[in-house]
Novice: 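For reference, the structure I am asking about is given below.
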Amino acid sequence: MLLGIQGVLCWFWIKSFPRPRSHVPLQEYVENLRKIVNHLKSLSDNTRILLLSAPPINVATITPNSDGQPTGTNEACRIYSEVCLDVCREMNIKAIDLWSAIQKRDNWQDVCLIDGIHLSTEGSNIVLKEILKVLKEAELGPSLY
């Protein structure tokens, strides 16, 4: 048992790209999330868990694969984000919907992502703001906020 750990933040930045060696099928992703959350819950009754869903991607700026097709879709990111949120509700843990939060920003495709996938400073600031909002609502104290 771990002593003194107040919280664990997990961010599973999914790869929606259907490459055989890196793509995790949706059902396997759900099962893995449940296993990870159950393991974290087993470490301490006092540990609070926060999961961050997958952020959106901008397909228009991602380099296509060798056959000229996009290497991922924002729709796939939405689906993986939603199942992450579903698992969190099912397991009674906090979650942040990054897919939606980032897309609330005007011109998010250009402002929040540097290459269609990776977050810019603005995108990272949105993530930070969402994390701090949850920590404040949870009243975790000054050591985590």
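Worth saying up front: this structure is predicted, and the values here are computed from it rather than measured. Numbering starts at 1 and runs along the sequence shown.
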Novice: Under 4.5 Å between side-chain heavy atoms, counting indirect links through other Ile/Leu/Val/Met/Phe/Trp/Tyr residues: same cluster for Leu43 and Ile49 or not?
Specialist: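 Looking at the clustering, Ile49 is in the same group as Leu43.
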Novice: Same cluster for Val24 and Leu26 if Ile/Leu/Val/Met/Phe/Trp/Tyr side chains link at under 4.5 Å?
Specialist: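 Hydrophobic grouping puts Val24 with Leu26.
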Novice: Whether the side chain of Lys94 engages the backbone of Arg48 through a donor-acceptor N/O pair (distance < 3.5 Å, no angle test) should be reported.
Specialist: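 Looks like no, no N/O pair under 3.5 Å.
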Novice: Can you find a heavy atom in the side chain of Lys104 that is under 4.5 Å from one in the side chain of Ile126?
Specialist: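 Lys104 does not reach Ile126 side chain to side chain.
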Novice: Answer yes or no: is there a side-chain heavy-atom contact under 4.5 Å between His118 and Leu113?
Specialist: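 Result no, sub-4.5 Å side-chain heavy-atom pair not found.
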Novice: Are any of the side-chain heavy atoms of Trp11 and Pro55 separated by less than 4.5 Å?
Specialist: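 Yes - at least one pair of side-chain heavy atoms lies under 4.5 Å apart.
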Novice: Does Ser53 reach the main-chain N or O of Ser81 with its side chain, forming a donor-acceptor pair under 3.5 Å?
Specialist: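 Not at all, since once roles are kept as given, no pair shorter than 3.5 Å links the two residues.
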Novice: For residues Asn74 and Trp99, is any side-chain donor paired with an opposing acceptor at under 3.5 Å?
Specialist: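 A donor-acceptor contact under 3.5 Å links the two side chains.
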Novice: When you compare the side chain of Glu130 with that of Asp97, does any pair of heavy atoms fall below 4.5 Å?
Specialist: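 Not in contact.
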Novice: May I ask you to test the Arg34-Glu90 pair for a side-chain heavy-atom distance under 4.5 Å?
Specialist: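 The answer is yes; the side chains approach within 4.5 Å.
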Novice: According to a 4.5 Å side-chain heavy-atom criterion applied to Ile, Leu, Val, Met, Phe, Trp and Tyr, with indirect links allowed, do Leu51 and Ile36 form part of one hydrophobic cluster?
Specialist: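 Yes, Leu51 connects to Ile36 through the hydrophobic network.
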Novice: For the residue pair Leu9 and Leu52, establish whether any side-chain heavy-atom pair is separated by less than 4.5 Å.
Specialist: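 Of all side-chain heavy-atom pairs linking Leu52 with Leu9, at least one is under 4.5 Å.
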Novice: Assess the residue pair Val87 and Val30 against the criterion (side-chain contact (heavy atoms from CB on, under 4.5 Å)); give the C-alpha distance rounded to whole Å, side-chain angles, the decisive distance to 0.1 Å, and a yes or no.
Specialist: CA-CA 7 Å; Val87 167; Val30 169; 3.9 Å; yes
Novice: Between atom CD1 of Ile79 and atom SG of Cys84, what is the distance when rounded to the nearest 0.5 Å?
Specialist: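 One finds 14.0 Å between CD1 of Ile79 and SG of Cys84.
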Novice: Please answer: with hydrophobic residues joined when any side-chain heavy atoms are less than 4.5 Å apart, are Val37 and Leu40 in the same cluster?
Specialist: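 Result: yes, single cluster for both.
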Novice: Please say yes or no: joined through hydrophobic side-chain contacts below 4.5 Å, possibly via intermediate residues, are Leu85 and Ile131 part of one cluster?
Specialist: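 Shared cluster, no.
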Novice: Looking at Lys133 and Glu137, is there a salt bridge between them, counting it only when a charged N and a carboxylate O are closer than 4.0 Å?
Specialist: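 Judged by the 4.0 Å cut-off on N to carboxylate O distance, Glu137 and Lys133 do not form a salt bridge.
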Novice: Quick check against the 3.5 Å criterion: does Tyr80 have a side-chain atom that pairs as donor or acceptor with the backbone of Ala54?
Specialist: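 No: the side chain of Tyr80 does not pair with the backbone of Ala54.
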Novice: Measuring from atom CD1 of Ile93 to atom CZ of Arg89, what distance do you get when rounded to the nearest 0.5 angstrom?
Specialist: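 One gets 11.5 Å once the value is rounded to the nearest 0.5 Å.
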Novice: To the closest 0.5 Å, what do you measure between CG (Asn38) and CE (Met91)?
Specialist: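 Output value for this atom pair is 3.5 Å.
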Novice: Nearest heavy-atom pair of Gly116 and Ile62: which atoms, and what distance?
Specialist: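 Closest approach of Gly116 to Ile62, heavy atoms only: O-CD1, 3.9 Å.
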Novice: How long is the straight-line distance from CD of Glu82 back to SG of Cys77, given to the nearest 0.5 Å?
Specialist: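 Result: 11.5 Å between the selected atoms.
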Novice: With the side chain counted from C-beta on, respond yes when Leu119 and Ile114 share a heavy-atom pair under 4.5 Å apart, and no when they do not.
Specialist: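 With C-beta onward as the side chain, the pair stays apart.
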Novice: Between Thr61 and Asn58 (side chain of the first, backbone of the second, donor and acceptor by atom type, cut-off under 3.5 Å), is there such a pair?
Specialist: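 Present.
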Novice: Near Asn92 CG, under 6.0 Å, is it more than 12 heavy atoms from other residues, nucleotides or ligands?
Specialist: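 Open: at most 12 neighbouring heavy atoms sit under 6.0 Å from CG of Asn92.
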Novice: Give a yes or no on whether Asn107 atom CG has more than 12 heavy-atom contacts from other residues, nucleotides or ligands under 6.0 Å away.
Specialist: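 Atom CG in Asn107 is crowded, with more than 12 foreign heavy atoms closer than 6.0 Å.
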Novice: If the condition is salt bridge (Lys or Arg N to Asp or Glu O under 4.0 Å), which residues does Glu31 pass it with, not counting sequence neighbours?
Specialist: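 Salt bridge (Lys or Arg N to Asp or Glu O under 4.0 Å) list for Glu31, sorted by chain: empty.
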Novice: CG/Leu33 to SG/Cys88 distance, rounded to the nearest 0.5 angstrom?
Specialist: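 Reported to 0.5 Å precision, the distance equals 7.0 Å.
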